[in-house]
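The next block holds one structure in the form of structure tokens; read it before the comments.
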Amino acid sequence: MRAAGRGWWRTGLGVVFTAFMLFPVYWMVNVSFTRDQDMRKSPPYWFPVHGTLEGYRAVLEQQLPYLGVSLVVGLGTVALTLAIAVPAAYSLAKLRPRGRGVLGFVLLIAQMIPGVIMAMGFYAIFLATGVLNTVPGLIVADSTLAVPFAVLILTAFMSGIPEELLQAARVDGAGVLRTFWSVVLPVSRNSVITVSLFAFLWAWSDFVFASTLDQGGAHQPITLGIYHYIGNNNQQWNAIMATAVVASIPATVLLVIAQRYVAAGVTAGAVKD
């Protein structure tokens, strides 16, 4: 009975903490349906009593291009991150080149550099090379955040791949590239999905690089689309929150779909006892 009582107490505490953490999400949805004249009501409506869809109409009319750009930037960041990080991690984990320890330390240090400092450096470089205010420039900038993280994570995963798999591939006549493509990459599927998810989410939610490197571009991401709603004399809160709700849907769907891959073991079942 005491164990059951402690179990209910812990469950109740967990429910309270979860509700507390999810309350901002609920309030975002609530405000997205609230009329402009009810925004400053005191006390506020805890539910959208006089609900409106004006915010969501604004999303459909004004924000779809921004969402499309964010999707392109996110997918481009994932592709560029994987193209650089996966071979680099394979080299560090299994080929063991000289200076790999120093390189790993440099990658770790790279994650400690504030994004605003990197944005200032990119601004000068992009201005000189003519890629300022462009989608490819934003993809390159966002990838610099994801690549060091991806290399470290993938290296840790690939280091745990049993050497028996690689030796069997060599016995069958596979070279370094064939072993990487046919053995290491399939076994590392879960880690690749994990870093892809984080790279996409970082690019999708980026504001620092977008506001610094793409403020005057013709194609801007959704973070700038939301920012354009906020002005000194005009704050369309229902449109802002409706855009935030719609922008949260792709990230939520990806998290739900990729959850089992992230949680799965990388080498589970790879080698028979």
Open item on the list: For L224 and F207: C-alpha separation, side-chain torsions, deciding distance, then whether side chain to side chain contact (heavy atoms under 4.5 Å, CB included) applies.
Closed with: CA-CA 7 Å; L224 291 185; F207 179 76; 3.8 Å; yes
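The existence of a salt bridge linking K94 and E163 is confirmed by a sub-4.0 Å separation between a basic side-chain nitrogen and an acidic carboxylate oxygen.
Residues satisfying the side-chain hydrogen bond (donor to acceptor under 3.5 Å, both in side chains) criterion with Q167, sequence neighbours excluded, are absent altogether.
Cluster annotation: L152 and M158 are assigned to distinct hydrophobic clusters (Ile/Leu/Val/Met/Phe/Trp/Tyr, side-chain heavy-atom contacts under 4.5 Å, transitive). Transitive grouping of hydrophobic side chains (ILVMFWY, heavy atoms separated by less than 4.5 Å) brings F47 and V31 into a common cluster. Cluster membership for F149 and V151, using ILVMFWY side-chain heavy atoms within less than 4.5 angstrom, is not shared.
Between the side chain of S211 and the backbone N or O of V208, at least one donor-acceptor pair lies under 3.5 Å. Between the side chain of W237 and the main chain of T34, no donor-acceptor pair closer than 3.5 Å is present.
Checked by atom type, the side-chain pair Q62/H228 shows no donor-acceptor distance below 3.5 Å.
Close placement of the F33 and Y56 rings is indicated, their centers lying within 6.0 Å of each other.
The shortest distance between side-chain heavy atoms of L82 and V78 falls below 4.5 Å.
By the 30° and 60° cut-offs, the orientation of the rings of F122 relative to F209 is perpendicular.
Within the structure, no pair that satisfies the side-chain hydrogen bond (donor to acceptor under 3.5 Å, both in side chains) test touches residues 118-138, not counting sequence neighbours.
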